[in-house]
Amino acid sequence: MAARRISGLLSRSFTSASASALFPGGRNSSLGRGLSRYNSTIAAATAAEEPIVPSVAVNYTRLLINGQFVDAASGKTFPTYDPRTGEVIAHVAEGDIEDVNRAVYAARKAFDEGPWPKMTAYERSRIMLRFADLLEKHNDEIATLETWDNGKPYEQAAKIEVPMVVRLFRYYAGWADKIHGLVVPADGQHHVQILHEPIGVAGQIIPWNFPLLMFAWKVGPALACGNTVVIKTAEQTPLTAIYAAKLLHEAGLPEGVLNVVSGFGPTAGAALANHMDVDKLAFTGSTDTGKIVLELAARSNLKPVTLELGGKSPFIICEDADIDQAVELAHFALFFNQGQCCCAGSRTYVHERVYDEFVEKAKARAVKRLVGDPFKGGIEQGPQVDLEQFEKILKYIRSGIESGATLETGGERFGTKGFYIQPTVFSNVTEEMLIAKDEIFGPVQSILKFKDLDEVIHRANATRYGLAAGVFTQNIDTANMLTRALRAGTVWINCFDIFDAAIPFGGYKMSGIGREKGIYSLSNYLQVKAVVTPLKNPAWL
């Protein structure tokens, strides 16, 4: 598959014509520094609109254990909320330790006794391909659930994310019958085979910012390698993983191979990380929570852990850059998915010679960003996922103001209902400020000034994170220099958020351990076994 450029796909869906119509004249249409706030009349009118009623019913809210939908052992449920309004969408089964035990038992039995690991790799791939076909068939319904539960624009979910999930499962289905061992020469008369075996029961914990994509990143390689899975969904966004798991069973997945437990981190998540019969653990989330997961895994059975954690990615704009293009790309790198993206370009470094021009244009672009009901066509930014994230972001904005950064635009709630925040831009940001150090995970762009490449390399690397980086330059020597100098798992040159099923993703330093996607993800779910047999009078060695 050609590398999927999310920014390019979005640009085909969202036009600036409607944005221009919103600013026909007067002070709020200016691109100068006089414009520092959203048009309050437009914001109030948008907020007054009744939310669009989603066209799907929520039919799957229970745990999926051993191929059956079941209630939590305790009988408890918890609400999942519509971030557009703060109102309850549905009540979902609240899994706990007992439910995790039931799910792990089912997964262990399916691995030790069931047909999945003993099935031919070709047949496993056919099931995964049938699942991909079902995802494609139910694209709109799945995208609607994702938007309703998460708040991301429907066009993003329907045109980009669900098709990417389909592509990921087809990619891993293709790998299923191409995983093989080696025969290696040894000193002496021995035949040596290297076997790649499924690791067993995989425990997986996924986040709320890309619920369905992270389901695919985790479940795809695990199933391709012949493992069984217990996956815990994020409590904020449980709906699409349950629905997808239902489709996977329709495609022919045997009972117990995939088990879905919805619940909370300190209970269900901790029980999974700490379980003695889980052979491998994968987690995506914050760095602080990742530390807890790693500790629990070590204290239990020392299970191997893959971690995809936080980031504070630099986006470096050099003095030779086309400023208009750089502004648009830097805007996308930060504001995509409401800023709730682990690899967001959240430290925008701009060369001093073009800094003022960039700030003016970045501010103007943020003011034109369309915020509103994510089910409405043309909307670029929906609400933050929940009240906790909403309040956290506003706290960081206040911190930026108090620490002396210049608030160019935004900085406030958008409307009066739901968890919407105005696209926010800060200039004159320095490294000691919290908005330049911490992962905000929201629509807050921090613009910093630099003088030369040596300086920006040092500053860009002076962070505990190392997930991604972006570079915008027309000079190939500059690009090559920065590519090798930046301590990050992914470096995008004159682009950002280019994702493909074959491109590995993961971080340096405290941004994680291991890689997801591509061939590298398969090794997370395989054991390596050496088998040595004596040879008697071999004709060759």
Throw together a table of side-chain donor-acceptor distances under 3.5 angstrom for residues 505-515, partners on residues two or more places apart or in other chains.
{"residue": "K509", "atom": "NZ", "partner": "N461", "partner atom": "O", "Å": "3.0"}
{"residue": "K509", "atom": "NZ", "partner": "T463", "partner atom": "O", "Å": "2.8"}
{"residue": "K509", "atom": "NZ", "partner": "Y465", "partner atom": "O", "Å": "3.3"}
{"residue": "S511", "atom": "OG", "partner": "G310", "partner atom": "O", "Å": "2.6"}
{"residue": "S511", "atom": "OG", "partner": "G466", "partner atom": "N", "Å": "2.9"}
{"residue": "S511", "atom": "OG", "partner": "L467", "partner atom": "N", "Å": "3.2"}
{"residue": "R515", "atom": "NH1", "partner": "G507", "partner atom": "O", "Å": "3.4"}

(message) Tell me the closest heavy-atom pair linking C225 and I179, and the distance in Å.
(response) SG-CD1, 3.7 Å
(message) Counting only heavy atoms not in K178 (residues, nucleotides, ligands), do more than 12 fall under 6.0 Å from its NZ?
(response) yes
(request) For residues 251-267, pull every pair meeting side chain to side chain donor-acceptor pair (under 3.5 Å), keeping only residues two or more places apart or in separate chains. (result) none
(message) Under the side chain to side chain donor-acceptor pair (under 3.5 Å) definition, can you give me all pairs with a residue in residues 307-316, not counting sequence neighbours?
(response) none
Show me the donor-acceptor pairs within less than 3.5 Å that the side chains of residues 229-242 make with the rest of the protein, sequence neighbours left out.
{"residue": "K232", "atom": "NZ", "partner": "G263", "partner atom": "O", "Å": "3.0"}
{"residue": "T240", "atom": "OG1", "partner": "E146", "partner atom": "OE1", "Å": "2.6"}

(request) Could you name each residue pair satisfying ring pair (Phe, Tyr, Trp, His ring centres under 6.0 Å) that touches residues 243-283, not counting sequence neighbours? (result) Y60-Y243, F78-F264
(request) Quick one: which residue pairs count as a salt bridge (charged side-chain N to carboxylate O under 4.0 Å, His left out) with a foot in residues 200-211, not counting sequence neighbours? (result) none
Please list, chain by chain and in numerical order, all residues satisfying side chain to side chain contact (heavy atoms under 4.5 Å, CB included) with [X], sequence neighbours excluded.
{"X": "R62", "value": "F69, D71"}
{"X": "H458", "value": "none"}
{"X": "S125", "value": "Y122, A173, A176"}
{"X": "A245", "value": "L64, L258, V260"}

Residues 190-214 side chain polar contacts: donor-acceptor under 3.5 Å, at least two apart:
{"residue": "H196", "atom": "ND1", "partner": "H180", "partner atom": "O", "Å": "3.0"}
{"residue": "E197", "atom": "OE1", "partner": "K529", "partner atom": "NZ", "Å": "3.4"}
{"residue": "E197", "atom": "OE2", "partner": "K529", "partner atom": "NZ", "Å": "3.0"}
{"residue": "Q204", "atom": "NE2", "partner": "K218", "partner atom": "O", "Å": "2.8"}
{"residue": "Q204", "atom": "NE2", "partner": "Y525", "partner atom": "OH", "Å": "3.1"}
{"residue": "N209", "atom": "ND2", "partner": "Q340", "partner atom": "O", "Å": "3.3"}

(request) Establish, from distance only, whether the side-chain atoms of T147 and T144 form a donor-acceptor pair under 3.5 Å. (result) no
(request) Return the set of residues passing salt bridge (charged side-chain N to carboxylate O under 4.0 Å, His left out) with K76 (not counting sequence neighbours), or none when no residue passes. (result) none
(request) Over 60° means perpendicular and under 30° means parallel, so classify the ring planes of W175 and Y171, tilted if in between. (result) perpendicular
